[in-house]
There are 2 protein chains.
Amino acid sequence: MLAGEYSHNIDPKGRLTIPSKFRKVLGTEFMVTKGLDKCLSIYPESEWKRMEEKLREMSLTTNQVARKFIRFMLGSAVEGGLDKQGRILLPQPLKAYAGLDKEVVLVGVMDRIEVWDKDKWEQNQAHDEPNIELLASEMEEMGLSI
Amino acid sequence: MLAGEYSHNIDPKGRLTIPSKFRKVLGTEFMVTKGLDKCLSIYPESEWKRMEEKLREMSLTTNQVARKFIRFMLGSAVEGGLDKQGRILLPQPLKAYAGLDKEVVLVGVMDRIEVWDKDKWEQNQAHDEPNIELLASEMEEMGLSI
DNA sequence: CAATAGGTGGGGGAAAGTGGGGAATTTTGC
DNA sequence: GCAAAATTCCCCACTTTCCCCCACCTATTG
């Protein structure tokens, strides 16, 4: 399972080191794509397959919302490769979407890695953490006991 | 079951000794994550599995509340490894969240361990203990009789 | 009071992250 | 079609962080 938060830098050549803890889970085959809330998502091959399946089911319903969502997810997807130092090269459009510059935060979220611009991540944190007890109680209503 | 309260120090290298009483219950596999009320929570593997399952179900619904909460819980979580001295290394983001510096208090709470900044813990105690009878009666109103 | 167990601290080797030179490949422009 | 430019990726070097090991200190126990 992917978890944890790591601050890394995109170097002048546009390369980003994947934390070694994550590399062990990711393997060599993975997908980089636009994520929700203006971050990037990196899915291990297996998880990606699972999602593709889901999206495939949805597309059968051929409603416009699903079509748009699928375009969003798949349109931006790129197969990732690691260099021998464990780094990926981020395509310009993806960097632009997530507003990535130099300092980024890599966050393990269960089945994927999210890549955030550091400032944006910290702003979100600052915004959400004061309300986390409220969030927690909503989660409890949804059936989670902590 | 985890119970009791221990004062320990985080050493200059950021390491925290887990009380040996707790180690016996924790085993070698556990998760450290942000808890409510600005403390850290350490869950034994079994407890964590239970929560993970719940979170995974919810993540499918992809509603924003769940997404934020999962980021909160997992984003910062780390798999615990104890060194040969029975210590964990606390990542900076977790220390920052709980305001941990040097003196901390480890509290056994049923199925998890909470880690508090010592000052904060004592303040909370000082604040809550005089009112504990009131708290108890509030609990009773909620249907929780002891 | 010795002996043991638990907690604290630091040295040092190994691993991870960072950055840059430069070769190989692809893309671009004439 | 070919040279120039850009891109990608391998390699090496440096720095930082992690984690093993050992040593010491303190409290508890026989």
Side-chain angles (χ1 to χ4, degrees), chain A residues 2-32 40 42 77-96 100-108 113-118 121, chain B residues 2-33 40 42 76-96 100-108 113-118 121:
Chain A
L2 292 157
E5 178 186 331
Y6 300 85
S7 275
H8 280 182
N9 293 322
I10 296 179
D11 73 19
K13 291 185 179 181
R15 296 171 298 188
L16 172 63
T17 304
I18 305 295
S20 71
K21 288 261 172 62
F22 289 171
R23 278 186 305 227
K24 281 164 193 150
V25 183
L26 261 191
T28 51
E29 305 277 317
F30 53 87
M31 276 288 189
V32 187
L40 300 184
I42 304 179
V78 186
E79 279 189 61
L82 291 176
D83 70 13
K84 289 270 167 88
Q85 274 65 38
R87 297 175 286 198
I88 56 173
L89 193 58
L90 290 172
Q92 187 52 38
L94 290 180
K95 272 198 295 188
L100 304 183
D101 177 25
K102 181 164 195 282
E103 295 188 290
V104 304
V105 178
L106 294 120
V107 189
I113 299 165
E114 291 185 349
V115 186
W116 291 77
D117 173 66
K118 187 166 190 172
W121 173 253
Chain B
L2 293 157
E5 177 186 331
Y6 298 85
S7 274
H8 280 181
N9 292 321
I10 297 179
D11 74 20
K13 288 186 179 182
R15 296 172 299 189
L16 172 63
T17 304
I18 304 295
S20 69
K21 287 266 171 57
F22 288 171
R23 272 179 291 190
K24 281 162 194 152
V25 182
L26 263 190
T28 51
E29 305 278 318
F30 53 88
M31 273 286 184
V32 188
T33 186
L40 302 183
I42 306 179
S76 53
V78 274
E79 283 188 58
L82 290 176
D83 68 15
K84 291 270 166 90
Q85 274 64 38
R87 296 175 287 196
I88 56 174
L89 188 61
L90 290 174
Q92 187 52 39
L94 287 180
K95 274 196 297 187
L100 304 183
D101 178 25
K102 184 164 194 283
E103 295 187 288
V104 304
V105 177
L106 295 118
V107 190
I113 299 166
E114 289 185 353
V115 185
W116 291 79
D117 173 66
K118 187 166 191 174
W121 173 254

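None of these values were measured; they are calculated from a predicted model.
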Listed pairs under 3.5 Å, donor-acceptor, residues 15-32 of chain B side chains, sequence neighbours left out:
| from | atom 1 | to | atom 2 | distance (Å) |
| --- | --- | --- | --- | --- |
| B:R15 | NE | B:D11 | OD2 | 2.7 |
| B:R15 | NH2 | B:D11 | OD2 | 3.0 |
| B:R23 | NE | B:I18 | O | 3.2 |
| B:R23 | NH1 | B:Q85 | O | 3.3 |

Distances under 3.5 Å between nitrogen or oxygen atoms of protein and nucleotides 7-13 of chain D:
| from | atom 1 | to | atom 2 | distance (Å) |
| --- | --- | --- | --- | --- |
| D:dC9 | N4 | A:K13 | NZ | 3.2 |
| D:dC10 | N4 | A:R15 | NH1 | 3.2 |
| D:dC11 | N4 | A:Q85 | OE1 | 3.3 |
| D:dC11 | N4 | A:R87 | NH2 | 3.4 |
| D:dC12 | N4 | A:Q85 | NE2 | 3.3 |

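- A:S20 comes within 4.0 angstrom of the backbone, heavy atoms only, and of no base.
- Under the side chain to side chain contact (heavy atoms under 4.5 Å, CB included) criterion, B:D101 pairs with no residue, sequence neighbours left out.
- Shown here for B:T33 and B:S76, the closest heavy-atom pair between the two residues is OG1-OG, 4.0 Å.
- No engagement by A:K21 is indicated, since no non-hydrogen atom pair under 4.0 Å with the nucleic acid exists.
- Within 4.0 Å (heavy atoms only), A:I18 reaches sugar-phosphate atoms of the nucleic acid but no base atom.
- With sequence neighbours excluded, the residues satisfying salt bridge (Lys or Arg N to Asp or Glu O under 4.0 Å) with B:E114 are B:R112.
- Under the rule for a side chain to side chain contact (heavy atoms under 4.5 Å, CB included), the partners of A:P91 that lie at least two apart in sequence or sit in another chain are A:V78, A:P93, A:L94.
- Scanning DNA chain C 5' to 3' for nucleotides with an atom closer than 4.0 angstrom to a non-hydrogen atom of chain A gives a first and last hit of C:dA16 to C:dG22.
- For A:D83, the side-chain hydrogen bond (donor to acceptor under 3.5 Å, both in side chains) criterion is met by A:R87, not counting sequence neighbours.
- Taken residue by residue, residues 3-11 of chain A places heavy atoms nearer than 4.0 Å to DNA chain C at A:H8, A:N9, A:D11.
- A:K118 meets the side-chain hydrogen bond (donor to acceptor under 3.5 Å, both in side chains) test with A:S7; sequence neighbours excluded.
- Applying the ring pair (Phe, Tyr, Trp, His ring centres under 6.0 Å) test to every pair with at least one member in residues 76-95 of chain B, sequence neighbours left out, gives no pairs at all.
- The side-chain hydrogen bond (donor to acceptor under 3.5 Å, both in side chains) test applied to B:E5 returns B:W121, not counting sequence neighbours.
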